[in-house]
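The structure under discussion appears below in the form of structure tokens.
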Number of protein chains: 2
Amino acid sequence: MPEPIVFALEVAAADAPEPAGGWEATVRRVGPDEPIVLGTDLAATRGDGVFETLGVLDGYPQAVDAHFWRLANSAELLELPAPNLEQWRVAMKIAGAALPTDRQGGIKLVLSRGIEGANRPTGWLIATVADDDFSNRTEGWKVVTLDRGYRHDLSEHAPWLLPGAKTLSYAVNMATLREAARRGADNAIYVSSDGYVMEAPQSSVLLRRGNTLVTPKTDIGILPGTTQLSAFALAQQWGFDTEDRLVTVDELRDSDGVWLLSSVKLASPITEVDGHPIAVDREFSDRLNAGLLARRE
Amino acid sequence: MPEPIVFALEVAAADAPEPAGGWEATVRRVGPDEPIVLGTDLAATRGDGVFETLGVLDGYPQAVDAHFWRLANSAELLELPAPNLEQWRVAMKIAGAALPTDRQGGIKLVLSRGIEGANRPTGWLIATVADDDFSNRTEGWKVVTLDRGYRHDLSEHAPWLLPGAKTLSYAVNMATLREAARRGADNAIYVSSDGYVMEAPQSSVLLRRGNTLVTPKTDIGILPGTTQLSAFALAQQWGFDTEDRLVTVDELRDSDGVWLLSSVKLASPITEVDGHPIAVDREFSDRLNAGLLARRE
């Protein structure tokens, strides 16, 4: 698999005018072994920043507006200076153009608070060719449910815990994936301490119940899923109803299909929850992945 | 204030023999503007690593064994390769020697999971001269209590949430300090969702009740405090009893003194909790800080 390609960004303020050389002049492709982050950068010492990962199909970054909205929203939740989305858009295009057009891939946007006390954010992008094994889209995944520790109504009263922000502080998400693997599963679904389905460490949860597609509502402290939004838009075109609401663990097991959705892996049908086989809807999986793959923006 | 000084470390395996040039040869002082972290390092993209910050007095790093134990423990909780403590000890001494001996300071040790998939940890150290304003030790701090969202018995059943590990994923800790400032306070004390005192975002909580010093027991998912351990050792020498146990918020307000303890700031007496003045024990504060400042290891 080719090495990821990193692009350093001279992060501009949201209201900064485009420089004489264009935003292109603020983006620099760096060598594979070239460090670009200072040892004192708060991304590296505190996980203090935000990120997004966009899928890239045939050279087209996907769901750009949804990702950019979420990047700006995460920055606001962390009280970071607002990102200059015009600049990030140019940088993203440059990163996307570095990927082979015949492969699926992803672009990660990283926005850090920068050096402590300097009040100057830092940022960079990482373009990656995806592993060609997309068997998750057809074979699906076994998942386990794991406690997220938080009540479902946390975000109403504890914004300092950063519910809904996609921060660089993902050590817990990574540990959760290791726990899932230890239990013989491919992924995990977080459940609130009072029993509601939340999200997976790197993806959103989607259920089908008859003619209705359901996803956990985001005000329970989870991320708004960019691929989930695309899936709902497709499903509405196909005549499905869609609902954002509280979802119980029992509903996971009783559904006509459950999927994890993410930007690069797309839709992964769930075949087992906590060791119990659940209904698998291969037809809808295929239709959904085809629809997601047909997007060009 | 002088700039922090960064030292890059070629991280060795725990069982690696000392190289021919000594461990010294694996430590390199880097320039103030020299990046040392790759854009793909998991410290910078996932907060996926661990750290320690040691206080330095007259050139002597403090509570080294406690910090090294915790570094190794955090690494184990994150399933990182065990750190080579002999190497880190040499690196720490080199970093400490770069600080002026007539100033108080700190050394941060950062151990990252490294590059995704490479299975090779990365690491560095940051030596910093402390701000000379230690008024926190005499004037004290106002604090607010803020919900940590987790029940006090979390660590028994959800180790994947990494209770007790000092990870690089500190975005929430930083957001909590901003919330405290917004409320006109100097710091925050986390309370579990079921009402028990936990810790502060960067320090431990200590209470005096008569002749007994109390700290919240660590099995409620908080860090074992290295300065708290030193404080208990001193207090035992002075004839106090010490207890690790569950502590309620009411007890905070009814104590004969409350302190936040950390490696560089040392003991900060708390003067107010959630806007209510509490008993301040200046005599014990002074004695405790004098005792902590007299340590030479």
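Labels below follow one simple rule: chain letters A, B, ... track the order of the sequence lines, proteins then strands, and each chain is numbered from 1.
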I need the residue from [options] with the largest number of non-hydrogen atom pairs under 4.5 Å to chain A.
{"options": "B:G47, B:P159, B:A180, B:A171", "result": "B:A171"}
{"options": "B:L42, B:L125, B:T40", "result": "B:T40"}
{"options": "B:R178, B:R151, B:M174, B:E34", "result": "B:R178"}
{"options": "B:N173, B:T167, B:L146, B:L154", "result": "B:L146"}
{"options": "B:P35, B:G49, B:G117, B:A8", "result": "B:P35"}

For B:F68, enumerate each residue passing the ring-ring contact (aromatic ring centres under 6.0 Å, His included) test, keeping only those at least two apart in sequence or located in another chain.
-> none
Locate the shortest heavy-atom distance separating [X] from [Y]; write the atom from each residue and the value.
{"X": "B:G39", "Y": "A:V37", "answer": "CA-CG2, 4.3 Å"}
{"X": "A:Y170", "Y": "B:S169", "answer": "N-OG, 3.3 Å"}
{"X": "A:L168", "Y": "B:A44", "answer": "CD1-O, 3.6 Å"}
{"X": "A:T45", "Y": "B:W124", "answer": "CG2-NE1, 4.4 Å"}
{"X": "B:D33", "Y": "A:L38", "answer": "C-CD2, 3.6 Å"}
{"X": "A:T176", "Y": "B:W160", "answer": "OG1-CD1, 3.7 Å"}

Is the [atom1] atom of [X] crowded by more than 12 outside heavy atoms at less than 6.0 Å?
{"X": "B:R120", "atom1": "CZ", "answer": "no"}
{"X": "A:K142", "atom1": "NZ", "answer": "no"}
{"X": "A:R183", "atom1": "CZ", "answer": "yes"}
{"X": "A:E116", "atom1": "CD", "answer": "no"}

Please report the C-alpha distance between A:R148 and B:Y150 in whole Å, then the side-chain angles of each, then the deciding distance to 0.1 Å, and finally whether the side-chain contact (heavy atoms from CB on, under 4.5 Å) criterion is met.
-> CA-CA 9 Å; A:R148 184 62 189 86; B:Y150 295 141; 3.1 Å; yes
Among A:V50, A:L161, A:D48, single out the residue with the greatest number of heavy-atom pairs under 4.5 Å to chain B.
-> A:L161
Which one, A:A43, A:P32, A:P4, leads in non-hydrogen pairs under 4.5 Å with chain B?
-> A:A43
Roughly how far, to the nearest 0.5 Å, is the CD1 atom of A:I115 from the CD atom of B:E3?
-> 9.5 Å
Interface moiety of A:I36 toward chain B, non-hydrogen atoms closer than 4.5 Å | both
Enumerate by number any residue of residues 74-84 of chain A whose heavy atoms lie under 4.5 Å from heavy atoms of chain B; in the absence of such residues, state 'none'.
-> A:L78, A:E79
